[in-house]
Amino acid sequence: MKTPASASALVAALVLAFAPAGAPAGLTLTTGAATGPETGAAFGMANGTAPGPGGAAGSWIWPLDPRPAVVRAFDPPAKPWLSGHRGVDLRAGYNGAPVASPAAGTVSFVGVVADRPVITVDHGNGLRSSFEAVRSDLAAGAAVAAGDVLGWIQPGHCGPVPCVHWGVRRGKAYLNPLAFVTDLRPSVLLPPRDPAPG
């Protein structure tokens with residue numbers, strides 16, 4: 001029978017064994033083009049950058065309420081000039097649904113890009129989130145708090161399905177927005193605490 005102390009030691013050993021050098025326990029970062037369940041790109045850490053200060057994993061709120069389904073996942077390109085999906089499409093309950101700011105910031109852009117209304121919020125620390133197709137009455141320079149309504153979803157982005165495209169960037173690197181509203185690190189399965197004698 002294992003004691004709680006030895007179980008704690010086992011957990012610590014497993015976490016350290018699976019953690020890469022220089023990264024937080026349980027988190028693998030990548031700077032290459034590989035993607036998959038074991039790489040940073042799968043967790044939104046493109047170019048080796050994690051959410052970090054001002055955007056820790058799970059520290060923002062969902063821009064839609066209730067928590068939406070993901071219609072199309074983050075699929076960053078291997079090279080900046082290649083095609084990919086540099087954000088996520090979130091299903092809304094209806095066209096015209098309000099879109100909330102996921103974190104405090106300052107509106108840096110409101111306008112039309114490629115025939116779609118877009119709003120961008122600068123959250124500080126180099127982080128910006130953009131939403132399309134979202135009609136907004138706000139103007140650049142407006143301060144917003146987490147949960148403040150940025151605008152309303154317009155039809156057409158996901159065909160007949162009401163949705164919003166949400167992208168997050170740090171500088172020029174696109175990040176997975178889901179990394180800011182949920183913990184995307186892989187789970188570590190541990191042996192049972194009190195295995196049956198065999």
- Task: Compare every heavy atom of V110 with every heavy atom of V107, then report the nearest pair and how far apart it is.
- Result: CG1-CG2, 3.4 Å
- Task: With the side chain counted from C-beta on, respond yes when S129 and P102 share a heavy-atom pair under 4.5 Å apart, and no when they do not.
- Result: yes
- Query: For S101, what residues pass the side-chain hydrogen bond (donor to acceptor under 3.5 Å, both in side chains) criterion, not counting sequence neighbours?
  - Reply: none
- Item | Beyond-backbone contact of P77 with R86, side-chain heavy atoms, under 4.5 angstrom | yes
- Task: Tell me whether V70 is reachable from I153 by hopping between hydrophobic residues (I, L, V, M, F, W, Y) whose side-chain heavy atoms are closer than 4.5 Å.
- Result: yes
- Item | disulfide bond (SG atoms under 2.5 Å apart): pairs with one or both residues in residues 134-187, sequence neighbours excluded | C158-C163
- Quick one: which residue pairs count as a side-chain hydrogen bond (donor to acceptor under 3.5 Å, both in side chains) with a foot in residues 131-148, not counting sequence neighbours? R116-E132, R135-D137
- Note on the structure: To the nearest 0.5 Å, atom CG of L90 lies from atom CG of L64 at 5.5 Å
- Applied to residues 151-171, the ring pair (Phe, Tyr, Trp, His ring centres under 6.0 Å) test, sequence neighbours excluded, yields H85-H165, F131-W166, H157-H165
- For residues 88-105, pull every pair meeting salt bridge (Lys or Arg N to Asp or Glu O under 4.0 Å), keeping only residues two or more places apart or in separate chains. none
- Which atom of L138 lies closest to which atom of V149, heavy atoms considered: CD1-O, 3.9 Å
- Does the pair V134 and V164 meet the rule for a side chain to side chain contact (heavy atoms under 4.5 Å, CB included), with working shown? CA-CA 7 Å; V134 175; V164 64; 3.6 Å; yes
- Item | Minimum heavy-atom distance between A140 and S108, given as atom pair plus value | CB-O, 4.0 Å
- Should side-chain heavy atoms under 4.5 Å link Ile, Leu, Val, Met, Phe, Trp and Tyr, which residues sit in the same cluster as F109? V113, V118
- Decide yes or no for F180 and V168: does some side-chain heavy atom of the first lie under 4.5 Å from some side-chain heavy atom of the second? yes
- Query: Quick one: does N125's side chain have a donor or acceptor within less than 3.5 Å of a partner on L127's backbone?
  - Reply: no
- ILVMFWY network linking I61 to I119, side-chain heavy atoms under 4.5 angstrom: no
- Path from V144 to W62 over hydrophobic side-chain contacts below 4.5 Å: yes
